[in-house]
Trainee: 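Here it is: the structure, laid out below.
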Amino acid sequence: MATIAVIGGGASGMAAALAAAESLENRVLLLERQSRVGRKLAATGNGRCNLSNDQAGPPHYHGGNPDFVLPALTRFGVAETLDWFAGLGLAVRREEGGRIYPLTDTAASVVDVLRLALEERGVELICGITVKDARREGNQFLLKSTLGEDVICDKLIIACGGAAGRLPFRL
């Protein structure tokens, strides 16, 4: 059995933990600094959580290189995103301009569906923890936390959003 630790309990961290938990041979730990996972997600889209857009693609992105989205949209596009959420039990609705929201029109529904899926798949949530150091030791990773307990894992996923560039450690 492999132990997989995911640092960050936002949207990407929860999705990564769910993907890791697809194999029953994995023990998955989701480490979140906040008091609960999905806290920021609950506030997205003015509390409505814009899940995707039917018109997602380079013409709708700005900046010097709008094609940067192509690899992501090719591997996991709008249809795959909606299928994934449907598989978790989330119904959606479409609005003018291609915007896609949960049918309930509340981001809390998205957070609830993700939390329930994590629970159903046996992902262990460890909230209120800050990883202050991570290092590779042989074939494993040793994570030092502010809780004073070490976390040892075989694989490590860092999914802490914009904060990832400011982590106090380098692997």
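The model shown is predicted, which means the values in this text are computed figures rather than measured ones.
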Trainee: Quick one, D112 and R115 - any side-chain contact, counting heavy atoms below 4.5 Å?
Mentor: yes

Trainee: With the 4.5 Å side-chain cut-off for hydrophobic clustering, are I158 and L30 part of the same group?
Mentor: no

Trainee: State which residues pass side chain to side chain contact (heavy atoms under 4.5 Å, CB included) with D67; sequence neighbours excluded, sorted by chain then number.
Mentor: P58, N65, L70

Trainee: Using 0.5 Å steps for rounding, measure from the CD atom of Q34 to the CD1 atom of I129.
Mentor: 13.5 Å

Trainee: To the nearest 0.5 Å, what is the distance between NZ (K40) and CD (E32)?
Mentor: 8.0 Å

Trainee: What residues form a side-chain hydrogen bond (donor to acceptor under 3.5 Å, both in side chains) with N50, not counting sequence neighbours?
Mentor: none

Trainee: Restricting to side-chain hydrogen bond (donor to acceptor under 3.5 Å, both in side chains), what partner residues turn up for Q55, sequence neighbours left out?
Mentor: none

Trainee: Got a second to check how far R33's CZ is from S145's OG, nearest 0.5 Å?
Mentor: 14.0 Å

Trainee: Going by side chain to side chain contact (heavy atoms under 4.5 Å, CB included), name the residues that satisfy it together with E119, two or more places apart in sequence or in a different chain.
Mentor: none

Trainee: With a 4.5 Å cut-off on side-chain heavy atoms, are I100 and V78 touching?
Mentor: yes

Trainee: Once side chain to side chain contact (heavy atoms under 4.5 Å, CB included) is applied, do any residues pair with A21, and if so which ones, sequence neighbours excluded?
Mentor: V28, R121, V123

Trainee: Do V37 and L114 have side-chain heavy atoms sitting under 4.5 Å apart?
Mentor: no

Trainee: Can you check whether N139 reaches D154 side chain to side chain, under 4.5 Å on heavy atoms?
Mentor: no

Trainee: Can you name the closest pair of heavy atoms from P66 and Y61 and give their distance?
Mentor: CB-O, 3.6 Å

Trainee: E137: which residues meet the side chain to side chain contact (heavy atoms under 4.5 Å, CB included) condition with it, sequence neighbours left out?
Mentor: R135, L142

Trainee: Can you tell me how far apart CZ (R36) and SG (C127) are? Round to the nearest 0.5 Å.
Mentor: 9.5 Å

Trainee: Would you mind reporting whether T3 and L29 have side-chain heavy atoms less than 4.5 Å apart?
Mentor: yes

Trainee: Test T44 against V110 for side-chain contact (heavy atoms from CB on, under 4.5 Å), laying out the working first.
Mentor: CA-CA 10 Å; T44 61; V110 178; over 6 Å; no

Trainee: If I take atom NZ from residue K144 and atom CG from residue D150, how far apart are they, to the nearest 0.5 angstrom?
Mentor: 4.0 Å

Trainee: Looking at side-chain heavy atoms only, is the closest gap between R94 and L82 below 4.5 Å?
Mentor: yes

